Protein chains: 2
Amino acid sequence: MSPETFGAPLSSWQTGDVSPAAAKSRAQQRVAQSAAIKEVARRLIADKGVTNLSLREVSRELGMVSSALYRYFATRDELLTALIYDAYNELGAAVERAEARVARGDTRGRWRAACLGVRRWARANPHEYSLLYGTPVPGYVAPSVTVVAATRVTTVLARILSDDAAQRRARPSRAPTRDVRDFLQVDALAPTMPGVEPAQYVRALIAWTTVFGAVSFELFGHYVGTVTNYSRMFDAVVDELADLVGLA
Amino acid sequence: MSPETFGAPLSSWQTGDVSPAAAKSRAQQRVAQSAAIKEVARRLIADKGVTNLSLREVSRELGMVSSALYRYFATRDELLTALIYDAYNELGAAVERAEARVARGDTRGRWRAACLGVRRWARANPHEYSLLYGTPVPGYVAPSVTVVAATRVTTVLARILSDDAAQRRARPSRAPTRDVRDFLQVDALAPTMPGVEPAQYVRALIAWTTVFGAVSFELFGHYVGTVTNYSRMFDAVVDELADLVGLA
DNA sequence: ATGATTGCAAGAGCACTGCTCTCTATGAGT
DNA sequence: ACTCATAGAGAGCAGTGCTCTTGCAATCAT
């Protein structure tokens, strides 16, 4: 029961209340309740990890009974999918913001900022990062909607490479030893980084993979005994990767 | 009940039986039962993933009651830890075997074989790979015993770099721009790859990270829409990494 | 050989989970 | 004002990890 039960009811503009008890249209209530559920679930995941997320606990915190939750999310996986979608967008937004702060001409600085943005977000939200880049939930096939949300980070990285290529017109690239068309979706990749030669795609792929690989290794404890200062180590890796892809 | 219940009992050397029903000492029975439990658990994980592993199902398959299982593994996590330990050793052994098949002088071939060994094992045992390199179970701190098992693969990779460095005595390495002593456990690393200059460690780290990063990305679905032929892509990546670390 | 001790498994039970079903108020649309 | 869809309540099912007690059987010491 909310406090409004006693005395004169307050309307939402007075209380700043966003709870579904405030007067709202049915549709508004529904999205508000959905958001409240996701918010609580998010916090619980942040606290105790995905595997320990229980719908019953979420419902308890919201003061409702567990069965009522199924009006909003048909299954636990559906709730998780919604959270994954949100998390991808949050990570993407964080990286975009970090990268946007650097002068356009400084492609290496932008690369550094974007990579650091990934790591920063991951360290701030380790369990949500795991949700995205850890073991996928069994039987889970990413709905296409989450797939496009997932591309926000790679889009940023691709644009940096593209801008860098545009800056210095003639790139003295090594001769391609393999035709990447044999194993990469060149038609899909090319539009995202115009100006970058397909011969460079493998290195770009390595850079992308290494950024997330390093963050995962750090978070999942695989660097224990090897690395003493993760921040400096990551900086060094990111710089070396910038060299690899040939950033200015 | 095993077949030996009827007719003349056969001893284990005749049947090749490893079931605890065969006549054995108490200690032998215990390890046999432990092994049986792990074997069933392994199969169930391979089938349905870690999160769907249930101790009760394991006990059911073994024809015993669930509480009996706790004589062997005090908790679910303890069973998982045992499985993780075994998996690390299996992966390590597989990589060692693959790498050993290549002539010692062919360091690039050995590198390729080792990396392919990782990917091959991961694809053959995706759920166990996830157990090792996916999201760690929450609250799980790797017991030191699993840590050393985990180093088997990196030991192989380090030795390849070391042997390569020994072959061509004077390496024309670029000047180190950073002192890796600031962020790497150089004292622990150096003995594992004698002859390799610390300035090369960052690249070695990238190579190691990328190999597992690429395998994880492939298995966890992050390359969907980007890569069309995973085997060829992995080959290209491995080759590029060999270039990066300067293999012959 | 006999008696004490120890180890293994069974069974019942607790607190929890995801999820389904039926039922009842209450708000929305006619 | 009367329908009617909807959000939530409540009970319940099948499953989970784990604990505790009880009985039996193999081992050990005498």
Side-chain angles (χ1 to χ4, degrees), chain A residues 1-2 4-5 9 11-12 19-38 40-41 44-45 47-83 137-140, chain B residues 1-2 5 9 19-37 40-41 44-45 47-83 137-140:
Chain A
M1 277 294 150
S2 48
E4 289 90 322
T5 309
S11 40
S12 59
S19 81
K24 284 182 195 167
S25 85
R26 207 120 175 176
Q28 283 175 315
Q29 277 200 35
R30 196 175 167 77
V31 311
Q33 191 68 291
S34 272
I37 292 169
K38 286 198 292 183
V40 170
L44 290 177
I45 286 182
D47 280 5
K48 315 191 285 183
V50 207
T51 57
N52 292 72
L53 172 70
S54 115
L55 297 187
R56 293 182 112 112
E57 194 171 355
V58 172
S59 65
R60 250 179 272 130
E61 292 228 4
L62 288 168
M64 61 203 292
V65 95
S66 75
S67 58
L69 227 152
Y70 288 82
R71 299 266 168 206
Y72 299 90
F73 299 95
T75 172
R76 201 188 107 113
D77 276 10
E78 199 171 304
L79 173 56
L80 281 183
T81 302
L83 293 172
V137 330
Y140 170 86
Chain B
M1 277 295 151
S2 49
T5 310
S19 84
K24 285 181 193 169
S25 83
R26 207 123 176 174
Q28 283 174 316
Q29 278 201 35
R30 195 175 167 77
V31 311
Q33 191 68 290
S34 272
I37 291 169
V40 171
L44 290 178
I45 285 182
D47 280 5
K48 314 191 285 183
V50 208
T51 58
N52 292 72
L53 172 71
S54 119
L55 296 187
R56 293 182 113 112
E57 192 171 357
V58 172
S59 66
R60 249 179 272 130
E61 291 228 4
L62 287 168
M64 63 203 289
V65 93
S66 75
S67 59
L69 228 153
Y70 289 82
R71 298 265 165 202
Y72 300 91
F73 298 95
T75 173
R76 201 188 105 113
D77 276 10
E78 199 172 304
L79 173 56
L80 282 183
T81 302
L83 293 172
V137 330
Y140 170 87

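Everything numeric in this text was worked out from a predicted model, so none of it was measured. Reminder, nothing fancy here: chain letters follow the sequence lines and each chain counts from 1.
Here Leu69(B) lies out of heavy-atom contact (under 4.0 Å) with every strand. If you check every strand for non-hydrogen atoms under 4.0 Å, Phe73(A) touches nothing.
Atom-to-atom, CD1 of Ile37(B) to P of dC8(C) comes out at 10 Å; the value is rounded to the nearest Å. When the P atom of dG15(D) is taken as reference, atom CG of Leu44(B) falls 15 Å away, rounded to whole Å. Rounded to an integer number of Å, the gap from Gln29(A) CD to dG8(D) P is 8 Å. Atom NZ in Lys48(B) sits about 12 Å away from atom C1' in dT16(D), given to the nearest Å. In this structure, the OH atom of Tyr72(B) is 9 Å from the C1' atom of dG7(C), given to the nearest Å. In this structure, Leu53(B) atom CG and dT16(D) atom C1' are separated by 11 Å, rounded to whole Å. Counting to the nearest Å, the C1' atom of dG15(D) and the CG atom of Asn52(B) are 12 Å from each other. Rounded to whole Å, the distance from CD on Glu78(A) to P on dT20(C) is 11 Å.
In this structure, the side chain of Thr75(B) does not engage the main chain of Glu78(B) through any donor-acceptor pair within 3.5 Å.
Nearest to the side chain of Arg76(B), among dA9(C), dG8(D), dG17(D), sits dG17(D). In the set dG18(C), dA9(D), dC19(C), the nucleotide with an atom closest to the side chain of Ala68(A) is dA9(D).
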Side chain to side chain contact (heavy atoms under 4.5 Å, CB included) between Asp47(A) and Asn52(A): does it pass, once the steps are laid out? CA-CA 9 Å; Asp47(A) 280 5; Asn52(A) 292 72; over 6 Å; no

Between the protein and nucleotides 1-6 of chain D, which nitrogen or oxygen pairs are less than 3.5 angstrom apart?
{"from": "dT6(D)", "atom 1": "O4'", "to": "Arg26(A)", "atom 2": "NH2", "distance (Å)": "3.2"}

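When all heavy atoms of Tyr72(A) and Ser34(A) are compared, the pair lying nearest together is CD2-OG, 3.6 Å. Contact detail for Ala41(B) and Leu83(B): the closest heavy-atom pair is CB-CD1, 3.9 Å. Between Phe73(B) and Ile37(B) the shortest heavy-atom distance is CE1-CG2, 3.7 Å.
Side-chain to base pairing of Arg56(B) with dG17(D): one donor and one acceptor N or O lie within less than 3.5 Å of each other.
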Could you pull out every donor-acceptor pair under 3.5 Å between side chains of residues 54-66 of chain A and any protein atom, sequence neighbours left out?
{"from": "Ser54(A)", "atom 1": "OG", "to": "Arg56(A)", "atom 2": "N", "distance (Å)": "3.3"}
{"from": "Ser54(A)", "atom 1": "OG", "to": "Glu57(A)", "atom 2": "N", "distance (Å)": "2.9"}
{"from": "Glu57(A)", "atom 1": "OE1", "to": "Lys48(A)", "atom 2": "NZ", "distance (Å)": "2.9"}
{"from": "Glu57(A)", "atom 1": "OE2", "to": "Lys48(A)", "atom 2": "NZ", "distance (Å)": "3.0"}
{"from": "Ser59(A)", "atom 1": "OG", "to": "Leu55(A)", "atom 2": "O", "distance (Å)": "3.4"}
{"from": "Ser59(A)", "atom 1": "OG", "to": "Arg56(A)", "atom 2": "O", "distance (Å)": "2.7"}
{"from": "Glu61(A)", "atom 1": "OE1", "to": "Arg43(A)", "atom 2": "NH2", "distance (Å)": "2.5"}
{"from": "Glu61(A)", "atom 1": "OE2", "to": "Arg43(A)", "atom 2": "NH2", "distance (Å)": "3.3"}

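Pairs of residues two or more places apart, or lying in two chains, that qualify as salt bridge (Lys or Arg N to Asp or Glu O under 4.0 Å) and include a residue from residues 25-38 of chain A are Lys38(A)-Asp86(A).
Each of Ala74(A) and Ser54(A) was assigned the nucleotide of DNA chain C with the nearest heavy atom; the assignment lying further toward the 5' end belongs to Ser54(A).
A heavy atom closer than 4.0 Å to some atom of DNA chain D occurs in Arg60(B), Ser66(B), Ser67(B), these being the qualifying members of residues 59-67 of chain B.
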